[in-house]
Amino acid sequence: MLAMANTESSGDTARPWQCYNTAYTNAKAGMEGVDKEKVQRIVYEMSKGSQYFKNEERKEAFIREKIENMRARCAKLKPADLAHYQTVADKIILELEATRDLSRIWVHVDMDAFYAAVETLSDPSLKGKPMAVGGMSMISTANYEARRFGVRAAMPGFIARKLCPELIFVPTDFKKYTYYSDLTRKVFEKYDPNFVAASLDEAYLDVTEVCKERGTTGEEIARELRAGVHDETGGLTCSAGVAPNRLLAKVCSDINKPNGQFILPNDRMAVMTFISSLPVRKIGGIGKVTEHILRDALGISTCEEILQKSSYICALFSHSSADFFLSVGLAIGGTDTPHVRSRRSISNERTFSATGDEAFLFCKLADIAEMLSTDLQKEGLRGRTLTLKLKTASFEVRTRAVTSQKNICSTEDIMKHASKLLKAELPVSLRLIGLRLSHFDEEKVGAPSDPTQKTLTYYMLSGDALRKNMGDQSSLDLDSTDHCMMHGEETCLSKDGHQTSSCDYRDPLDENHLSNLDDSKSTSGNFEEKEEIYESTSNANAEKMNANDNQNEDNVQDVVPLLGPGYSFPDQFEGSSLDRVNSVTKTLGDVASSSVSQKEFLLWVNDYKCSICGIEMPPSFVEERQEHFDFHLAEKLQKEESGTDFKTCVLKKRNVPKDHIASQRKHKKQKPSPKEGKHIPIDVFFVKSNQNF
DNA sequence: GGGGGCAATAGAG
DNA sequence: TTCCACTCTATTGCCCCC
Ligand SMILES: Cc1cn([C@H]2C[C@H](O)[C@@H](COP(=O)(O)OP(=O)(O)OP(=O)(O)O)O2)c(=O)[nH]c1=O
Ligand SMILES: [Mg+2]
């Protein structure tokens, strides 16, 4: 049908912000009386022209193109084709309907403005005032007072401040959130010992048994449970959704948010009426892109329209994606208790002000490698696949992976591979570097290992090892379904089922899948036809963010740079760098260290090739940056052992107090005094020009 | 043809 | 002064190799 052309805007009357949808397009609790147009305009004004904005526009153009292709495909479908797909769809619908299970009572519990509520609990003076948790670059969430100004989760702090000048910023503190999360889980356990934690602040409980035993209803259980949470935590409120499956329970918990609950009876008529008018975007697994595709390519905005256009769904999407969409239309999904799955990957990434300075980049990489190694150690994990993630100054994200034969976990092994991956991308100006390790060693560890103590402790405290865990480590997951989207496997997963995890979170909903649409093929750029897509769900825990912002907030002192004029490192680096001093020193084997004059050093280095973090630098690398380094050499001739003339040294970059930076800007040549600031060492090796590293 | 590995996306909190 | 985070899961498409 051609009739699907949606009327877009009614003319472009100079209101560009109305077209800027890149974010905050979904309705959120607490945003009812907000002047949406005004918020939209401010967000637009603050964003337009930025690299971030340009990248968003690029991505959107890409999606629009994809949608155009889908529409073209739809237009080419002949009546006979549609009739065929309709029979396919009807068959799937019949099968799905046969699996409908209205016998279970699921409760989805979601804490209200969780991080913000916890912070308010620990500092009551925040009560009643607009507040956000996070920093200037990004906030994790905001309390309801702030939401009235349009401030919300995943919004950059500087924009939030523009929307609400008196907004109070509170740094994130995961220990607190984890602590309170555990308290809530203690309550959940009473109603369902196998409850599925979807994140620190969310959980799914199958209260069918409790209701039966106590001869009560899901509504009463939810009320009691919420009171229990409020009690146990000393004041935190939460909202609950009660429904026959997880997919619906999740939607229901949002209806009377904050501090409310909504019950959807286990009655087919009630369920179908409920799902009919529900916007597809409310369903877990359907995000901004999928919503966009369904609306602009197929004219689908509500769940009932999925069923009305079921033939198109089957014509455009893969079997598994079609299955997912149709089950959404039928309000089917997530009635079983998912298995616990262990984590699949572990990662660390950091954002900094964009730079192309190679020494700085390698430094950062080393910091991240070390953080990752530390986390790995905590969990007792080792893995084979290392993935380097980069975000360029223009916000383009790239990933580069390598899989080694043996499992790795040490900073050195990680750097060995990571530095090669990074080197292959140079030159490039970056704003973020990340490292992820996956493909874990089968048998994990055993037991009592070591450093995982915190985790183990957690486990014990929490009781069973199943889900609950916290944040970091493992995760739990549960949920259901995860679904898988795509073809094939649905058999395995399909509706619920599935596996799960171990620890913390995951998604419970299930199913999902969705897709992408169509699209295409290529991974990169083009697309064209093809089909399928998918979607997925999942969640994660992620709770660590804003590493940069948190720390200092205001003043930061910053640092200096290593090389290259004009850098100002946000102090984010300080902490990890310090730690690294010790490990690097150790790595080098306690080499005696001695300061060498710059002149002396250059003379000496002239006969050598230089490598940083295992990467050979261009011939003029050191000379070009000499004035930015503080050369404290720890040199040592290793020829006795290796037979080669091999020198190692620790090249340190300095963090300098703010004043220095200021003065440096004024008198550009001024050099920071070597006595101030912290030193961040980088492994540097030199070998005779005619030799190899 | 299937499996391993890699890159890009979408989504959730 | 500032100028869009961080963790993690899942799916798809492609390439390469046996
Ligand atoms: C959405 C989102 C949440 N979070 C964190 C902060 C939130 O407090 C926590 C739970 O997420 P949410 O449950 O999505 O949000 P919320 O609990 O703050 O507010 P409400 O449920 O009342 O709407 O997860 C992030 O760090 N990043 C994000 O993008
Ligand atoms: Mg919440």
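Values below: all heavy atoms of this structure, side chains included; hydrogens, waters and symmetry mates excluded. Each chain gets a letter, A, B and so on, in the order the sequences are listed, and its residues count up from 1. Values in this document were obtained by computation on a predicted structure and should not be read as measured data.
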Round to the nearest Å and state the distance from [X] atom [atom1] to [N] atom [atom2].
| X | N | atom1 | atom2 | result |
| --- | --- | --- | --- | --- |
| A:Glu45 | C:dC3 | CD | P | 20 Å |
| A:Lys391 | C:dC3 | NZ | C1' | 13 Å |
| A:Phe395 | B:dA8 | CZ | C1' | 19 Å |
| A:Arg281 | B:dA12 | CZ | C1' | 11 Å |
| A:Leu435 | C:dC6 | CG | C1' | 14 Å |
| A:Lys66 | C:dG13 | NZ | C1' | 12 Å |
| A:Leu437 | B:dC6 | CG | P | 12 Å |
| A:Met46 | C:dC4 | CE | C1' | 10 Å |

*Are A:Tyr204 and A:Phe195 close enough that their ring centers fall under 6.0 Å?*
no
Please tell me if [X] has a side-chain N or O lying less than 4.0 Å from either OP1 or OP2 of [N].
| X | N | answer |
| --- | --- | --- |
| A:Arg400 | B:dC6 | no |
| A:Arg350 | C:dT7 | yes |
| A:Arg344 | C:dA10 | yes |
| A:Lys250 | B:dG13 | yes |
| A:Asn348 | C:dC6 | no |
| A:Arg431 | C:dC4 | yes |
| A:Thr141 | B:dG13 | no |
| A:Thr290 | B:dA10 | no |
| A:Ser345 | C:dT9 | yes |
| A:Thr387 | B:dA7 | no |
| A:Thr399 | B:dA8 | yes |
| A:Arg436 | C:dT9 | no |

*Using the test side chain to side chain donor-acceptor pair (under 3.5 Å), find all partners of A:Lys257 that sit at least two apart in sequence or belong to another chain.*
A:Asp110, A:Asp112
*Residues forming a salt bridge (charged side-chain N to carboxylate O under 4.0 Å, His left out) with A:Lys48, sequence neighbours excluded*: A:Glu45
*Establish, from distance only, whether the side-chain atoms of A:Thr403 and A:Thr385 form a donor-acceptor pair under 3.5 Å.*
yes
*Find out whether A:Leu200 and A:Phe114 are in side-chain contact, i.e. whether some heavy atom of one side chain is under 4.5 Å from a heavy atom of the other.*
yes
*State whether the distance check finds a donor on one side and an acceptor on the other, under 3.5 Å, for side chain A:Arg161 versus base C:dT2.*
yes
*asked:* I'd like to know if A:Ser47 reaches the base of C:dC4 with its side chain, counting only an N/O donor and acceptor under 3.5 Å.
replied: yes
_My understanding is that only one of A:Leu167, A:Val43, A:Val151, A:Ile42 makes a side-chain contact (heavy atoms from CB on, under 4.5 Å) with A:Lys162; could you say which?_
A:Ile42
*Hey, which sits more toward the 5' end of DNA chain B by its nearest nucleotide, A:Lys59 or A:Asp201?*
A:Lys59
*Sole candidate of A:Arg384, A:Lys406, A:Arg382 that passes side chain to side chain donor-acceptor pair (under 3.5 Å) when paired with A:Asp441*: A:Arg382
*Would A:Glu56 and A:Lys59 count as a salt bridge (Lys or Arg N to Asp or Glu O under 4.0 Å) if you check the C-alpha gap in whole Å, the side-chain angles of each, and the deciding distance to 0.1 Å?*
CA-CA 5 Å; A:Glu56 289 301 304; A:Lys59 290 194 292 185; 3.1 Å; yes
From [options], pick the nucleotide closest to the side chain of [X]?
| X | options | answer |
| --- | --- | --- |
| A:Phe158 | B:dG13, C:dC4, C:dA10 | C:dC4 |
| A:Ala401 | B:dC6, C:dC4, C:dT7 | B:dC6 |
| A:Ile63 | B:dC6, B:dA10, C:dT7 | B:dA10 |

*Would you mind classifying the nucleic acid contact of A:Glu202 as base, sugar-phosphate or nothing, using non-hydrogen atoms under 4.0 angstrom?*
sugar-phosphate
*Within the structure shown, what part of the strands sits under 4.0 Å from A:Thr403 by heavy-atom distance: base, sugar-phosphate, or nothing?*
sugar-phosphate
*asked:* When the axes are fitted on five pairs at both termini, how much does the helix from B:dG1-C:dC18 to B:dG13-C:dC6 curve, in 10° steps?
replied: 10°
*Nearest-0.5 Å distance that lies between atom CG in A:Leu316 and atom CZ in A:Phe325*: 10.0 Å
*How do A:Met155 and A:Ile346 order along DNA chain C: which one's closest nucleotide is nearer the 5' end?*
A:Met155
